[in-house]
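Only heavy atoms go into these numbers, but all of them, side chains included; no hydrogens, no water, no symmetry mates. Throughout, a chain's letter reflects where its sequence line sits, starting with A, and its residues are numbered from 1.
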Amino acid sequence: MSYTFDFSFLWTYWPQFLAGAWLTLQLSAISTVFGCILGTLCAIGRADGPRWLKWVIASYVEIIRNTPFLIQIFLIYFGFAMAGLKVSANFAAVAALVINIGAYTCEIVRAGLQSIHRSQVEAATCLGLSQVQTYWHVIVRPAIERVYPALTSQYVLLMLASSITSQISAEELTAIANRIQSETFRALETYIVAGVIYILLSFIVRAAFFLFGQLIFPRRRKLGTTI
Amino acid sequence: MMPLNLAQFEYLAHGALWTVGLSLIAFVGGSVLGFIVALGRISTNRLIRLAAATWIQIIQGTPLLVLLFLLYFGIAILGFDKLPAIISAGAALTVYSSAFLAEIWRGCLQSVPKTQWEAADCLGLNRFQRMFQVILPQALKIATPPTVGFLVQIIKNTSLASVIGFIELAQAGKVVNNAIFEPLPIFLIVACFYFAMCFPLSMWSRSLERKLHVGSR
């Protein structure tokens, strides 16, 4: 093997790598927020909604979880186009990511909801908490606290999955890497750099989730354990 | 309205077969490599433990898409530039699955109660006997549902092999789309193919899990 590694192109291209990484983080952050809301609502709907709603949500979750993200993103991207809507690649990417992660979040949060004991809800009713208060303080927040580690892993996977949005030409890290390697012909080095950046990003996302968890779950911060 | 003619539909079905084939390659390769990494993860040697953990961290922190490109160009640079795409696709998926399967199986191995390991030691079994006759039979039962669940992930992830030009189901869909440009119906059909492969496995995994919990209650 007579291949010599040459990373000198990094001098000219590092701002582009950085811009790609930044867009990757932005796409992931927006999708995480909206996906979390969508997934939590779906989980509540599936647990306590009317029968038809349960059925709709269950089909949504199964369809999304049993088809590849690549196909989902094509369907959404071309779906917008066929419906006559002009949307940017980034918007289609976020829409696909939200719909995808919503289904996974729903399954995870549902497990959390199931772990809340009935007596907790009864106690809340006895204390005269309204339905909204019961849902927020007694059911949803403790449920999310319990499944928080699983959610963290899922959102790291989401950040990595956002690389697939390069297939509809959203200009995130992988798309940038594709372009740089076609300009520099340094394919292996380019993807090594991209891989290292992704590993760093996954550490950053994990750290951010840990800190956020400390912030929103005071019990975890004070006692160091979950419920 | 059926936008596809029979030949195009057959082409998609043919691609679906390759998806199954690639999934099997990834699963078998990933199992062998993953089992070794899982053993490394619970090794008594600290260096081996660290190496296995690093391997898992690196692979799980990199998107499969980047792994695919890395192996695709890496294998070409090693001088094997005439190899078919299935080699690099299979290698990348093997590497990817190994990290995830290793982490799943490590959990299963460690969930076998410590007393079982100790009892096997007391009976004077050597390490291989202990692993293959005492620990694995018990761990296997716990490992089946999540492993079947991960098989679904592998099938879905083979769709990414399309980016390096391997003609499996997703790539077949793109090729047909380039010919007749009817993206929505074509990718809906492709999605149905994937669903037909993944959904039974998901259901199977779930029923296995239910049975397991009944047994342990």
Side-chain angles (χ1 to χ4, degrees), chain A residues 1-5 24 61-83 153 156-157 159-167 172-175 177-178 181 185-206, chain B residues 19 57-80 100 103 149 152-153 155-163 168-171 173-174 177 181-203 206:
Chain A
M1 188 178 130
S2 57
Y3 188 80
T4 42
F5 283 90
T24 290
V61 170
E62 289 305 327
I63 288 172
I64 296 296
R65 277 162 47 98
N66 287 300
T67 50
F69 181 58
L70 184 69
I71 305 299
Q72 292 164 14
I73 202 167
F74 281 150
L75 282 175
I76 286 168
Y77 188 57
F78 290 120
F80 273 127
M82 289 286 162
S153 309
V156 172
L157 287 179
M159 190 273 290
L160 297 177
S162 76
S163 65
I164 301 172
T165 62
S166 62
Q167 295 297 306
E172 46 66 71
L173 186 50
T174 307
N178 288 346
Q181 73 89 9
F185 301 106
R186 286 279 155 204
L188 195 57
E189 289 91 332
T190 308
Y191 289 114
I192 289 175
V193 172
V196 170
I197 297 178
Y198 270 114
I199 293 173
L200 291 178
L201 285 183
S202 67
F203 277 122
I204 293 174
V205 173
R206 266 182 206 287
Chain B
T19 289
Q57 280 292 328
I58 291 178
I59 305 296
Q60 291 198 348
T62 326
L64 178 58
L65 208 53
V66 173
L67 277 180
L68 272 163
F69 283 129
L70 271 176
L71 273 141
Y72 181 64
F73 290 111
I75 289 178
I77 280 166
L78 279 174
F80 305 104
F100 284 86
E103 218 31 19
V152 176
Q153 302 288 330
I155 294 178
K156 288 191 293 175
N157 281 328
T158 56
S159 67
L160 293 182
S162 60
V163 297
E168 38 66 71
L169 186 47
Q171 180 70 7
K174 282 191 211 168
N177 182 37
F181 203 69
E182 290 272 5
L184 271 191
I186 291 171
F187 286 117
L188 274 176
I189 293 171
V190 169
C192 290
F193 267 110
Y194 276 111
F195 190 79
M197 287 186 245
C198 295
F199 189 61
L201 283 175
S202 294
M203 296 309 277
R206 208 166 302 162

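Between A/Leu70 and A/Gln167 the shortest heavy-atom distance is CD1-CG, 3.7 Å. Minimum interatomic distance between B/Gln60 and A/Leu160 (heavy atoms only, all atoms of both residues): O-CD1, 3.1 Å. Of all heavy-atom pairs spanning A/Ala187 and A/Gln181, the tightest one is CB-OE1, 3.6 Å.
For the pair A/Thr67 (side chain) and B/Ala191 (backbone), a donor-acceptor distance under 3.5 Å is absent. Between the side chain of B/Gln171 and the backbone N or O of B/Ala161 there is no donor-acceptor pair closer than 3.5 Å.
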| Step-by-step side-chain contact (heavy atoms from CB on, under 4.5 Å) determination, B/Lys156 to B/Met197 | CA-CA 9 Å; B/Lys156 288 191 293 175; B/Met197 287 186 245; over 6 Å; no

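Interface residue A/Thr174: only side-chain heavy atoms are found under 4.5 Å from chain B. With a threshold of 4.5 angstrom between heavy atoms, B/Ser162 approaches chain A through side-chain atoms but not through N, CA, C or O. For A/Ser162, no part lies under 4.5 angstrom from a heavy atom of chain B. For A/Arg65, the parts sitting under 4.5 Å from any heavy atom of chain B are the backbone and the side chain alike. Of the atoms belonging to A/Ile63, heavy atoms from both backbone and side chain fall under 4.5 Å from chain B. At a 4.5 Å heavy-atom cutoff, the contact between A/Leu157 and chain B is made by side-chain atoms alone. For chain A, the nearby parts of B/Ile58 are the backbone and the side chain; heavy atoms of each come within less than 4.5 Å. Of the atoms belonging to B/Leu169, not a single heavy atom falls under 4.5 Å from chain A.
Of the options B/Val190, B/Ile186, B/Leu184, a side chain to side chain contact (heavy atoms under 4.5 Å, CB included) to B/Asn177 is made by B/Ile186 and by none of the others.
The pair A/Glu62-B/Arg206 meets the salt-bridge criterion, since a charged nitrogen lies less than 4.0 angstrom from a carboxylate oxygen.
Between chain A and the options B/Tyr194, B/Phe69, B/Phe195, B/Phe193, the largest number of non-hydrogen pairs under 4.5 Å is found for B/Phe69. When the candidates B/Leu70, B/Leu201, B/Leu67 are compared by the number of heavy-atom contacts under 4.5 Å with chain A, B/Leu70 comes out ahead. Chain A forms more heavy-atom pairs under 4.5 Å with one residue of B/Val66, B/Leu71, B/Leu64 than with any other, namely B/Val66. With chain B as the partner, the residue from A/Asn178, A/Thr190, A/Val156 showing the most heavy-atom pairs under 4.5 Å is A/Asn178. For chain B, the option among A/Tyr198, A/Phe203, A/Tyr191, A/Phe74 with the highest count of heavy-atom pairs below 4.5 Å is A/Tyr191.
Between A/Phe78 and B/Phe187, the two ring planes are parallel [angle under 30°; tilted spans 30° to 60°].
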